[in-house]
Amino acid sequence: MARAIINVPPNPKRGEVIEIRALIQHPMQTGYRPDSSGVVIPRDLVRRFTCHFQSAEPNAQRELVLDAELFAAVAANPYLTFHMVAISRGTLVFNWSGDNGFVQTESVPLNVA
């Protein structure tokens, strides 16, 4: 399991534009680089990142906040920052997926004042 670091403002006001930062520790091998013995290191990339918002209100639909496709040019330990409008209290669900069956899901509460 990879280590994810997610930063969300602690108590944003309703209607405020907030910055969300997400980092995941992952080696991001392109499949073109050789190791010290000259053998090519197999490709191992995080290929997709999504963030959804699930409102705490009853019967609320899960909303897509960000859907990003990542490529070999992305550095190891991909760091993403993006913005959204804080509308209501709920949960942000982050999902990273990639090569070799890699999947990591994290969730963080969003406490809108």
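All heavy atoms count here, side chains included; hydrogens, waters and symmetry mates do not.
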For a 4.5 angstrom cut-off between non-hydrogen side-chain atoms, does [X] reach [Y]?
{"X": "Q104", "Y": "N95", "answer": "no"}
{"X": "R47", "Y": "L70", "answer": "no"}
{"X": "R3", "Y": "Q25", "answer": "yes"}
{"X": "P10", "Y": "N111", "answer": "no"}
{"X": "V112", "Y": "S88", "answer": "no"}
{"X": "V8", "Y": "L92", "answer": "yes"}
{"X": "D35", "Y": "Q29", "answer": "no"}
{"X": "I6", "Y": "E106", "answer": "yes"}

For the atom pair [atom1] ([X]) and [atom2] ([Y]), what is the distance rounded to the nearest 0.5 Å?
{"X": "I41", "Y": "R33", "atom1": "CD1", "atom2": "CZ", "result": "5.0 Å"}
{"X": "N7", "Y": "I18", "atom1": "CG", "atom2": "CD1", "result": "10.0 Å"}
{"X": "L23", "Y": "F94", "atom1": "CG", "atom2": "CZ", "result": "12.0 Å"}

### Message
Can you pull out every ring-ring contact (aromatic ring centres under 6.0 Å, His included) where at least one residue sits in residues 32-83? Sequence neighbours excluded, please.
### Response
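Sorted pair list: F49-W96.
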### Query
Can any side-chain N or O of R14 pair as donor or acceptor with the backbone N or O of I87 at less than 3.5 Å?
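Looks like yes, one N/O pair under 3.5 Å.
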### Query
Counting only N and O atoms by type, is there a donor-acceptor contact under 3.5 Å from the side chain of E63 to the main-chain atoms of S55?
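A pair under 3.5 Å: no.
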### Message
T50 vs D67, test: side-chain hydrogen bond (donor to acceptor under 3.5 Å, both in side chains). Steps then yes/no.
### Response
CA-CA 4 Å; T50 60; D67 185 358; 5.8 Å; no
### Query
Are I24 and V74 connected in the hydrophobic side-chain network, where two residues link if heavy atoms are under 4.5 Å apart?
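Yes, one cluster joins them.
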### Query
Under a single-linkage definition using a 4.5 Å side-chain heavy-atom cutoff for Ile, Leu, Val, Met, Phe, Trp and Tyr, are L80 and L45 assigned to the same hydrophobic cluster?
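Hydrophobic grouping puts L80 with L45.
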### Task
Could you identify which residues cluster with V40, counting Ile, Leu, Val, Met, Phe, Trp and Tyr as linked when any side-chain heavy atoms lie under 4.5 Å apart, either directly or through a chain of such contacts?
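For V40, no cluster forms, as it stays isolated from other hydrophobic side chains.
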### Message
Quick check on R48: does its CZ atom have over 12 non-hydrogen neighbours (other residues, nucleotides or ligands) under 6.0 Å away?
### Response
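Atom CZ in R48 is crowded, with more than 12 foreign heavy atoms closer than 6.0 Å.
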#### Entry: Where S107 and T91 come nearest, the two heavy atoms and their spacing
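It is CB-CG2, 3.7 Å.
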### Residues forming a side-chain contact (heavy atoms from CB on, under 4.5 Å) with H26, sequence neighbours excluded
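H26 satisfies side-chain contact (heavy atoms from CB on, under 4.5 Å) with M28, D44, V46, P78, F102 once adjacent residues are dropped.
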